[in-house]
Amino acid sequence: MTVIKLKSGGLWVHAPIAPTKECIQLVKELGAPVEYIVLPTFAYEHKIFVGPFSRKFPQAQIWVAPRQWSWPLNLPLEFFGIFRAKTLKDEDMSTPWASEIEQKVLSSPEVGIGPYVEVAFYHKRSRTLLVTDAVIFVPRQPPECISKESLLASAKNGLAVKLLSKGKEVPEEPVVDNKMNRQKGWERMVLQILFLGPSNLLEPNASFAQMSQKLIVSPIVKTLVFSKVPEKVRDWIDRITQDWRFKRIIPAHFSAPINASGSDFLAAFAFLDDLLGERYVTRPSLSLLFTSLMGKAASYFPPDDMKTLSSLDEFLVSVGVVKKTVSGRKR
């Protein structure tokens with residue numbers, strides 16, 4: 001969740017989280033009324049908190065990404081406690097915050113059971129790009145909000161570790177509370193989130209090093225969504241980097257804010273060049289070379305770790321849950 005104080009003195013809330021007592025107290029400590037609550041995606045994990053959060057601030061307007069849907073039942077927003085919501089539109093300059101915050105909508109064709117929709121925002125005064133699931137930045141160290149109990153539980157050699165150990169013998173030993181075991185728990189936690197079934201949970205260090213401390217597209221989003229609609233995604237990120245001169249990015253997951261520029265953002269999406277079979281000639285040559293070099297690192301995911309996700313993608317395609325390709329330029 002990100003909160004911006006507008007020139008009007010009111011608050012603009014992006015992707016609200018669960019309205020716990022601590023969360024609401026922090027918002028109230030800002031000493032300003034919540035004027036707008038923004039749902040920037042269709043995704044259930046973000047949508048589910050908008051209704052409860054809005055009830056804490058009943059005077060606030062609710063704005064939602066277009067083409068809302070849910071699965072397995074396509075339920076109306078009212079079912080989620082979201083009432084009288086207005087719809088976010090691409091590059092809409094008529095929003096109450098348009099002079100301070102701009103927006104661009106990615107609205108893809110259906111990639112399977114429904115469309116992928118995400119709205120990116122640019123806060124002009126702070127030169128900050130706000131996204132939801134487009135990119136992530138995994139920190140090397142576990143964040144303070146994760147309890148030591150959770151980290152140590154993940155460090156324990158349980159069933160998942162035994163199944164994902166590359167056939168190596170898994171020792172049965174108690175987990176001592178120390179920095180090394182907390183770090184191991186964090187690395188295992190991250191790899192399971194990113195890959196669903198990483199290749200080696202017993203020794204996660206190498207794979208974790210490949211995925212941390214850099215701006216990337218989540219392997220799940222890359223495989224199951226963005227690779228299906230490369231042309232739509234390319235047009236969206238090119239509009240973002242050409243129109244907005246941001247110097248930091250705030251994603252909805254993992255670390256934020258991240259000091260990053262348009263080149264860093266483009267590098268995370270370098271895999272689209274291979275899918276589309278071309279590069280945009282509108283990029284300056286030096287920028288193209290730099291982005292290409294950065295993109296090789298940002299787009300590289302350990303092949304062994306990708307096997308489970310790739311197999312899942314093949315299965316979902318075979319049963320018609322997701323599609324192979326929805327759009328894409330010819331080579």
Side-chain angles (χ1 to χ4, degrees), residues 14-16 37-51 62-92 95 102-122 129-136 194 196 216-241 243-244 251-253 265 268-269 271-272 275-276 309-310 312-330:
H14 176 269
I37 298 171
V38 177
L39 172 62
T41 178
F42 71 95
Y44 175 82
E45 68 269 22
H46 296 283
K47 185 186 304 185
I48 195 65
F49 296 124
V50 172
I62 303 175
W63 291 71
V64 303
R67 304 177 73 188
Q68 290 291 322
W69 62 280
S70 60
W71 187 87
L73 296 176
N74 193 6
L75 300 168
L77 286 175
E78 290 77 10
F79 181 86
F80 297 93
I82 303 173
F83 300 95
R84 299 179 298 280
K86 299 185 178 184
T87 302
L88 296 163
K89 299 176 182 178
D90 188 48
E91 300 186 353
D92 185 2
T95 60
E102 297 180 358
Q103 61 200 45
K104 296 185 186 295
V105 178
L106 169 61
S107 181
S108 76
E110 280 71 10
V111 296
I113 57 176
Y116 180 90
V117 183
E118 179 172 343
V119 186
F121 296 90
Y122 177 60
L129 171 66
L130 286 84
V131 295
T132 310
D133 298 316
V135 291
I136 57 173
L194 296 184
L196 302 181
I216 62 172
V217 175
S218 160
I220 294 176
V221 175
K222 172 187 173 182
T223 303
L224 300 183
V225 181
F226 289 169
S227 293
K228 313 295 183 183
V229 286
E231 186 180 47
K232 282 280 188 180
V233 177
R234 167 59 78 196
D235 290 341
W236 184 57
I237 64 170
D238 277 354
R239 288 194 296 130
I240 288 173
T241 54
D243 295 348
W244 296 341
H253 303 284
F265 192 64
F269 289 89
F271 65 91
L272 294 175
L275 293 173
L276 294 171
L309 194 52
S310 298
L312 174 62
D313 180 43
E314 292 175 3
F315 171 75
L316 293 176
V317 169
S318 69
V319 298
V321 175
V322 300
K323 298 178 181 179
K324 265 192 175 180
T325 302
V326 176
S327 67
R329 291 186 173 88
K330 294 181 180 179

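Source: prediction; values computed, not measured.
Side chains of Val229 and Pro109 form a contact here, defined as non-hydrogen atoms less than 4.5 Å apart. Proximity of Leu272 to Ile237: side-chain heavy atoms (C-beta onward) are separated by under 4.5 Å at one or more points. Within the 4.5 Å cutoff, side-chain heavy atoms of Leu275 are placed close to those of Ser227.
Checking Glu102, Lys89, Lys86, Gln103 one by one against Thr95, the side chain to side chain contact (heavy atoms under 4.5 Å, CB included) holds for a single residue, Gln103. A side chain to side chain contact (heavy atoms under 4.5 Å, CB included) with Phe121 is found for one member of Leu88, Leu129, Val131 and no other, namely Leu88.
The pair Lys104-Asp235 does not meet the salt-bridge criterion, since no charged nitrogen lies less than 4.0 angstrom from a carboxylate oxygen. For Arg234 and Asp238, the salt-bridge test passes: some basic side-chain N is under 4.0 Å from an acidic carboxylate O.
For Trp71, there are no ring-ring contact (aromatic ring centres under 6.0 Å, His included) partners two or more places apart in sequence or in a different chain. Listed by chain and number, the residues in a side chain to side chain contact (heavy atoms under 4.5 Å, CB included) with Ala15 are Pro40, His46 (sequence neighbours excluded). Listed by chain and residue number, nothing satisfies the salt bridge (charged side-chain N to carboxylate O under 4.0 Å, His left out) test with Asp133 (two or more places apart in sequence, or in another chain). Among residues two or more places apart in sequence or in another chain, the side chain to side chain donor-acceptor pair (under 3.5 Å) test is passed with Glu78 by none. Tyr122 meets the ring-ring contact (aromatic ring centres under 6.0 Å, His included) test with Trp244; sequence neighbours excluded. Among residues two or more places apart in sequence or in another chain, the side chain to side chain contact (heavy atoms under 4.5 Å, CB included) test is passed with Leu75 by Ser70, Leu73, Phe79, Phe80.
A distance of 6.0 Å or more separates the ring centres of Phe226 and Phe271.
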